Amino acid sequence: RIHFMDLLNRSCRAGKYSEALYFLESMVSKGFKPDVILCTKLIKGFFNSRNVKMAVKVLEILESHGHPDVFAYNAVIGGLCKMNRIETATKILDRMRTRGCLPDVVTYNILIGSLCNRGKLGLALKVLDQLLEDNYLPTVVTYTILIEATISDGGVDAAMKLLDEMSSKGLRPDMYTYNVIIRGMCKEGMVDQAYEFIKGLPSRGRDADVISYNILLRAFLNKKRWEDGERLMDEMISKGCMPNVVTYSILINSLCQEGKVDEAVGVLKDMMSRGLAPD
RNA sequence: UGGCCGUCGUCGCGGCA
């Protein structure tokens, strides 16, 4: 079994998922129990390569020869939701319940996120209510997902209320949460509010990170606010937040769109001289 | 004791359909 697990692990790491599935099948056909963690990795791998059938097959192997846990089920449900296979996801959810594996907060987060991505914020909020009724505790992720969707729905104020609500529940927003708000404001054209929000982060106990700055930088450049963009770059550097490859590609992109290709090349050279490799 | 190891949420571009 150890040998099979080793083979499986290697194949997964190498991205050879079909090969891994073959080893998995050989393994169970010889009477060895499948390893849940390896199977979960394999499920993720199949979804990343858009192979829904094989992902589900791995789960079925787990169900018939072992015991999938909530991680494995969540991987499948999440993958199916991303592929818009909601009916199948619902079926799997039922199946996990009947097999005695209870959904957890992550399961709920997946459902909430999937609804939000489909523009069904109202339903997502109902799932949140259901989560609370079932005596689960929402997490920072739960609120981050809902906040992002709420802003996209045009409700910056409602989103800020959610931010307060999560804090009142003892959940401390992280940079994912704040960046989602910054991005949402920018998308709604509230670029200056986004900047003010960034300035206010220290009073919330956080400092803007490179992603925060990248989001705002892109918004400035999109609005052709070059000076603001330049000042922002200076500011992030002076605060010890070093630009990364994404920062530079935002700059390069903007310059190219303005037809300033040679300046873009200059930025690229500058980037490489700072030890950053283009991707 | 702490950390890592499978599931959910943030930045640009490109690729694939």
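Here the structure is a predicted model, which means the values were calculated and not measured. By convention in this document, chain letters (A, B, ...) are assigned in the order of the sequence lines, proteins followed by strands, and residues within each chain are numbered from 1.
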Donor-acceptor contact present, side-chain A:S254 to main-chain A:L251, <3.5 Å: no
Donor-acceptor under 3.5 Å (A:D153 side chain, A:G155 main chain): no
Basic-acidic side-chain contact under 4.0 Å: A:K161, A:D157: no
A:N48 CG to B:G6 P, straight-line distance once rounded to whole Å: 13 Å
No-hydrogen, no-angle side-chain donor-acceptor test under 3.5 Å, A:N74 and A:N109: no
Sidechain N-carboxylate O distance under 4.0 Å for A:K57, A:E60: no
Lys/Arg-Asp/Glu bridge criterion (N-O < 4.0 Å) met for A:R225, A:D192: yes
Cationic N near anionic O, under 4.0 Å, A:R95 to A:E63: yes
Protein-to-nucleotide contact annotation, 5' to 3' order, nucleotides 7-17 of chain B [B base; S sugar-phosphate only; - none; under 4.0 Å, heavy atom]: BBBBBBS--B-
Bracket notation of RNA chain B in which parentheses pair within the strand, [ ] cross earlier pairs, and | pairs with another strand (Watson-Crick or G-U, under 3.5 Å): .................
Note: A:E235-A:R231 ion pair, threshold 4.0 Å (strictly below): no
